[in-house]
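Comments concern the structure below.
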Amino acid sequence: MLDRRLIRDDPDKVVKGIESKNVDTEIGTVIALDKELLAIQKQSEELKHERNVKSAEVAAKKRAGEDADELHMYLKNLSQRIKDIEAKSKEASARLDELLLTLPNLPHASVPIGKDESDNVVRRTWGEVTEPYFDVLPHWEIGEKLRVLDLEAGRRVTGRGYIVLRGDGALLSRALVNFMLDLHRDQGYEEVLVPYVVNRGSMVGTGQLPKMAEDMYHCEIDDLFLIPTAEVPVTNIERDSFTPADELPVKYTAYSPCFRREAGSHGADTRGLLRVHQFDKVEMVKVVYPDDSYDELESLLDDACVVLEALELPYRVLELCTGDLSFAAAKCYDLEVWSPGVEKWLEVSSCSNFEDFQARRANIKIKKAKGERHRFVHTLNGSGLALARTIAAILEHHQTPTGRVRIPAKLVPYMQGKEYLG
RNA sequence: GGAGAGGUGGCCGAGCGGCUUAAGGCGCCCGCCUGCUAAGCGGGUGUGGGGGUAACACUUCACCGAGGGUUCAAAUCCCUCCCUCUCCGCCA
């Protein structure tokens, strides 16, 4: 959520920031409604003050045994006026809150201006992207050949976009999760195991609701949602809390499955493991002191890159432009791994700084020192990594001419010593 | 799922229509005293919004789980909902 005071004091900045994100909002209405509400509240406050003073007079008279009927009549009338104006104020305030929740975060000044993904900037590339000297099979072919991936079974059990990993494929998935969690623990993150179903407040807190409602699996009878990322439960651990400044940063890592309806994204790039409705992911979340959040973003990015390097997968780091930035993000880097079978860069991680956008929604504050105003923390998160596409990349990038798949050395201890699939 | 009890400031805990714009305690901060430490003494210490200030000061409104209602006046009375605890039932 944006700071109402910022919207009031510097509307131009807010309008420009939102425009650069290339989304339609009712920012104009918000600005007007904010003014209107302030005026209503001022009026209401004055009347309430009068009521408080005069009511105290009634109490004083009664104690003195005097008659207060005249004041009674006056106050009865005053109270009715207050009630009327309060109703107006409540209505305006509810409408304003609703609209405020639909405004996206503003991009950080360092974010390149651009209208869509074609304007993203490649920050750096790691590893060699070489032309393979044999025909690399796409992951769904090599996966089915090696009996580690069973797409048909997934369709049968649930439907399109759901997959079954079997045998060493399932082991590989588990190995990756364990490897990543161990790595992030060593990087100083606290491992947490969290619910995969969350309430509405949590979804609003991290910014998935109200905007992304259609992408969410929703259990109506309990009004609970399947998480699209561990970011949601993990960040909301801190909801409605005050953290002493000297306890920051707080760093968490968590494994979770992620559920995404992917409404309206059928068609391209959906084969095999490229875009599925349920995938596993290891996530990192940081809750940090505001002044440090951009340094923390860089180190978060480094922590994610280490995973890809350990898996010996070539990747590049994209700096998202304003138009491609997600709703809640102020700045974001995507990590894309090269997959020679499909000849594509696959997004396997996204590292974002939300500044105080989520903290305002979720009410995560820093315990203030004497005489200071409360400040909100900054929150960040990054995948480290999303499994489905990582597995796709391993199946393709580490494929051998003999139709086997080499397990990266760092992963072998997690694979019961196996050095190859097949 | 059934029955009962309860939700008050960072924590404990009183208040159950107006002398509470939340008593008292703990914790925390500042000062005093004590050759260190502990104890003791004095003062301060919630959140959010508005006005005000260079910044303070100051001022005002709201907040006692959430939302509605009664009343001139609600932490206090009424209604609805949520949550926690205890006991019972069911169950992996």
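Residue numbering restarts at 1 for every chain, and letters A, B, ... go by the order of the sequence lines.
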Would one find a side-chain N or O of [X] under 4.0 angstrom from OP1 or OP2 of [N]?
X: A:R4; N: B:G48; value: no
X: A:K54; N: B:C72; value: no
X: A:N52; N: B:C61; value: yes

Parallel, tilted or perpendicular: ring planes of A:Y162 versus A:H277, cut at 30 and 60 degrees
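The rings of A:Y162 and A:H277 sit tilted, inter-plane angle from 30° to 60°.
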Is [Y] paired with [X] through a side-chain N to carboxylate O contact shorter than 4.0 Å?
X: A:K410; Y: A:E312; value: no
X: A:E141; Y: A:K145; value: no
X: A:D356; Y: A:R360; value: yes
X: A:K281; Y: A:E347; value: no
X: A:R155; Y: A:E152; value: yes
X: A:E86; Y: A:K48; value: yes

Name the pairs: protein N/O against N/O of nucleotides 78-81 of chain B, kept only if under 3.5 Å.
none

Please name the nucleotide paired to [N] by Watson-Crick or G-U wobble geometry with both distances under 3.5 Å, or report none.
N: B:G4; value: B:C85
N: B:A73; value: none
N: B:C19; value: none
N: B:C36; value: none
N: B:C63; value: B:G46

When the [atom1] atoms of [M] and [N] are compared, how many Å lie between them, rounded to an integer?
N: B:C63; M: B:U76; atom1: P; answer: 10 Å
N: B:A57; M: B:G46; atom1: P; answer: 12 Å
N: B:A66; M: B:C82; atom1: P; answer: 15 Å
N: B:A75; M: B:C64; atom1: C1'; answer: 5 Å
N: B:A5; M: B:U80; atom1: P; answer: 16 Å
N: B:G13; M: B:A55; atom1: C1'; answer: 39 Å
N: B:C79; M: B:G27; atom1: C1'; answer: 39 Å
N: B:G17; M: B:C78; atom1: C1'; answer: 13 Å

Proximity to the side chain of A:S79 - top-ranked nucleotide from B:G48, B:G49, B:C72
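Of the options given, the side chain of A:S79 lies nearest B:C72.
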Once you round it to whole Å, what is the distance between [atom2] of [N] and [atom1] of [X]?
X: A:K61; N: B:C72; atom1: NZ; atom2: C1'; value: 12 Å
X: A:D240; N: B:G65; atom1: CG; atom2: P; value: 15 Å
X: A:D9; N: B:G49; atom1: CG; atom2: C1'; value: 14 Å
X: A:H72; N: B:C72; atom1: NE2; atom2: P; value: 7 Å
X: A:E86; N: B:C63; atom1: CD; atom2: C1'; value: 13 Å
X: A:N363; N: B:C63; atom1: CG; atom2: C1'; value: 14 Å
X: A:L96; N: B:G50; atom1: CG; atom2: C1'; value: 15 Å
X: A:I85; N: B:G50; atom1: CD1; atom2: P; value: 17 Å

Starting at the 5' end of RNA chain B and moving along, which residue's nearest nucleotide shows up first, A:A60 or A:K365?
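Counting from the 5' end, the first nearest nucleotide belongs to A:A60.
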Pick the nucleotide of RNA chain B nearest each of A:A59 and A:K90; which residue has the one closer to the 5' end?
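Final value for this comparison: A:A59.
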Separation of A:F376 CZ from A:R361 CZ (nearest 0.5 Å)
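Here the rounded value is 12.5 Å.
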Tell me whether the centres of the aromatic rings in A:F327 and A:F357 are closer together than 6.0 Å.
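Yes; A:F357 has its ring centre under 6.0 Å from that of A:F327.
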Among residues 27-51 of chain A, which contact RNA chain B at a heavy-atom distance under 4.0 Å?
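Residues of residues 27-51 of chain A under 4.0 Å from RNA chain B: A:L38, A:E45, A:K48, A:H49, A:R51.
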Looking at every strand, decide which applies to A:K83 at a 4.0 Å heavy-atom threshold: base, sugar-phosphate, or nothing.
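Sugar-phosphate, backbone atoms only, no base.
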How about A:H49 and A:E46: does a side-chain donor come under 3.5 Å of a side-chain acceptor?
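A:E46 and A:H49 do not have a side-chain donor-acceptor pair below 3.5 Å.
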Considering non-hydrogen atoms only, spot the tightest contact between A:P233 and A:A230 and give its length.
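The answer is CD-O, 3.2 Å.
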Identify each donor-acceptor pair in which a side-chain atom of residues 23-30 of chain A lies under 3.5 Å from a protein atom, sequence neighbours left out, and give them as a table.
| unit_1 | atom_1 | unit_2 | atom_2 | d |
| --- | --- | --- | --- | --- |
| A:T25 | OG1 | A:I27 | N | 3.4 |

